[in-house]
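Structure, as structure tokens:
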2 protein chains.
Amino acid sequence: MGKIEDAIQQKEFKDPFNKAVVNLLYTHSYLVTSQNSLFKPYDISPEQYNVLRILRGQNGKPTTVSSIQDRMLNKMSNASRLVEKLKLKGWVKRTECPSDRRQVDVLITDEGLELLKTLEKLVEESNIRVVNLEVEEAIQLNELLDKLRG
Amino acid sequence: MGKIEDAIQQKEFKDPFNKAVVNLLYTHSYLVTSQNSLFKPYDISPEQYNVLRILRGQNGKPTTVSSIQDRMLNKMSNASRLVEKLKLKGWVKRTECPSDRRQVDVLITDEGLELLKTLEKLVEESNIRVVNLEVEEAIQLNELLDKLRG
DNA sequence: GAATTATAAATGTATATACAAATAATGTAA
DNA sequence: TTACATTATTTGTATATACATTTATAATTC
């Protein structure tokens, strides 16, 4: 029984909206815990992985730090520091943008692409396992989440 | 248009399960951002608030650190340090448990209860506003999330 | 009862989030 | 062109998560 009431030992909630917020926070923790253990052996965090995915999505075009920030799952995160970590591990390159020297062009390296290819397969398989829903239910969940934020 | 594809500028997903994971991570960030700004003026974080709520749920009975940990939304969090922060602000008291000196009894103070009363009202109202769903949809979302983790 | 094992809590360290402030380069208006 | 505002990025600092380790106490097994 995966009911949220049991999981956090809270008998009742003010209303379904308040329950949904708590349920989302708890489910987030469930997902992130699973992701962390998946990424652990590869010396990369889920957030760093997400940045690599954004960079590859640009198909070889360099991307600025602020453009990465815009696409991140957590808008309050810090793309600048994540890029720095990725650079230290050789998965991205950072060059000054010639047309606007305030900007920094970030590009995924071949090593980064290689790592991403390996990880992406693992993540995709793991997500299917970790989300214990039927296809129709997953679609419905996406619709509800999109509307929730609306 | 609150669609996740637009929000993070990603055109397509491998499947509805993978999309749901991304959607949940993004929605979590949306919720937490809102919570943070709500709590900011009161010098308390959402996590600390959650610990206060757990303590009040015990109806005056003291609660051990590990019992708090069990009820937290994020099981990987660190109840010991959160309790320490709350103690510094005078919202909880910490006493050695007489029957087992390894344990620590944590008790919410009157100031803590007072703060909680104020905050809870704000949080409950905010959650209703922030979750842009009908009652039936919120119920459905809770069911899907419970099943997802199942 | 001494040695071992188990449990509760605290601590150490790395990563990330949250948000303000600093720095640097560009754009614009006087 | 100087002054001012805007934008891109970095940096500073506090909080929290993640996970391993340490410390203290209690329970157990020999």
Side-chain angles (χ1 to χ4, degrees), chain A residues 25-26 28-52 62-89 91-92 94-106, chain B residues 25-26 28-52 62-89 91-92 94-106:
Chain A
L25 299 180
Y26 183 71
H28 173 261
S29 170
Y30 161 82
L31 292 174
V32 167
T33 298
S34 149
Q35 283 201 326
N36 278 325
S37 65
L38 190 70
F39 286 130
K40 200 85 205 288
Y42 297 92
D43 191 30
I44 189 171
S45 70
E47 295 75 12
Q48 291 172 17
Y49 166 77
N50 189 42
V51 172
L52 287 188
T63 312
T64 64
V65 172
S66 60
S67 169
I68 294 170
Q69 192 93 51
D70 286 345
R71 289 154 209 254
M72 286 181 69
L73 296 175
N74 190 326
K75 305 299 185 207
M76 288 300 107
S77 189
N78 196 318
S80 179
R81 278 193 266 244
L82 289 175
V83 166
E84 172 65 16
K85 299 267 173 68
L86 291 170
K87 205 199 83 169
L88 288 173
K89 291 187 264 199
W91 297 324
V92 308
R94 211 170 38 182
T95 54
E96 194 179 73
C97 178
S99 63
D100 184 341
R101 285 172 48 216
R102 288 171 303 185
Q103 295 187 151
V104 173
D105 280 342
V106 185
Chain B
L25 298 180
Y26 182 72
H28 173 262
S29 171
Y30 161 83
L31 293 174
V32 166
T33 298
S34 150
Q35 283 201 327
N36 278 325
S37 64
L38 190 71
F39 286 129
K40 199 87 204 288
Y42 297 92
D43 191 29
I44 188 171
S45 70
E47 294 75 11
Q48 291 172 18
Y49 166 78
N50 189 42
V51 171
L52 287 188
T63 312
T64 64
V65 171
S66 60
S67 169
I68 295 170
Q69 191 93 52
D70 286 345
R71 288 155 209 253
M72 286 181 69
L73 296 175
N74 190 325
K75 304 299 185 207
M76 287 299 108
S77 190
N78 196 319
S80 178
R81 278 192 266 242
L82 290 175
V83 166
E84 172 65 16
K85 299 266 172 69
L86 292 170
K87 204 198 83 167
L88 288 172
K89 293 188 264 199
W91 297 323
V92 307
R94 212 170 37 181
T95 54
E96 193 179 75
C97 178
S99 63
D100 183 342
R101 285 172 50 216
R102 287 171 302 183
Q103 296 188 151
V104 172
D105 280 341
V106 184

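Computed over heavy atoms, backbone and side chain alike; hydrogens, waters and symmetry mates excluded.
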Might you list the N or O atoms of the protein lying below 3.5 Å from N or O atoms in nucleotides 4-8 of chain C, with each pair's distance?
| unit_1 | atom_1 | unit_2 | atom_2 | d |
| --- | --- | --- | --- | --- |
| C:dT7 | O2 | B:Arg102 | NH1 | 3.1 |

Distances under 3.5 Å between nitrogen or oxygen atoms of protein and nucleotides 19-22 of chain D:
none

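Remark: B:Ser80 is not in phosphate contact with C:dA9, judged by side-chain N or O atoms under 4.0 Å from OP1 or OP2. Checking the phosphate oxygens (OP1, OP2) of C:dA10, a side-chain nitrogen or oxygen of B:Arg94 falls inside 4.0 Å.
For A:Glu96 and D:dT9, the CD to P distance is 11 Å, given to the nearest whole Å. Here C:dA18 presents its P atom at 11 Å from CD of B:Gln35, a figure rounded to the nearest Å. Atom P of nucleotide C:dT17 and atom CD of B:Gln48 are separated by 19 Å, given to the nearest angstrom. Taking atom CG of residue A:Asp105 and atom P of nucleotide D:dT9, one finds them 9 Å apart after rounding to whole Å. One atom, CG of B:Leu82, and another, P of D:dA14, lie 17 Å apart when rounded to the nearest Å. Rounded to whole Å, the distance from CG on A:Asp70 to C1' on D:dA8 is 12 Å. Taking atom CG on B:Asn74 and atom P on C:dT17, their separation rounds to 13 Å, with Å as the unit. Atom CD1 of A:Ile68 is separated from atom P of D:dT10 by 10 Å (rounded to the nearest Å).
Side chain of A:Lys89 to main chain of A:Asp43: a donor-acceptor pair is present (N/O by atom type, distance under 3.5 Å, no hydrogens or angles). Side chain of B:Asn36 to backbone of B:Val32: a donor-acceptor contact under 3.5 angstrom is found.
Annotation: B:Lys87, atom NZ; neighbour count of heavy atoms from other residues, nucleotides and ligands within 6.0 Å does not exceed 12.
A:Met72 places a side-chain heavy atom less than 4.5 Å from the side chain of A:Leu82. Residues A:Leu38 and A:Pro46 are not in side-chain contact: their nearest non-hydrogen atoms beyond the backbone lie 4.5 Å or more apart.
Rounded to the nearest 0.5 Å, atoms CD (A:Glu84) and CD (A:Gln48) are 11.0 Å apart. Summarising the geometry, atom CG belonging to B:Leu73 is positioned 12.5 Å from atom CZ belonging to B:Arg71; distances are rounded to the nearest 0.5 Å. Atom-to-atom distance recorded for A:Arg102:CZ and A:Glu96:CD is 12.0 Å, nearest 0.5 angstrom.
Note on B:Glu84: nothing from the nucleic acid sits closer than 4.0 angstrom, heavy atoms only.
Classification of the A:Phe39-A:Tyr49 ring pair by plane angle, with boundaries at 30° and 60°, yields tilted.
Each of A:Ser99 and A:Met72 was matched to the nucleotide of DNA chain C holding its nearest heavy atom; the match closer to the 5' end belongs to A:Met72.
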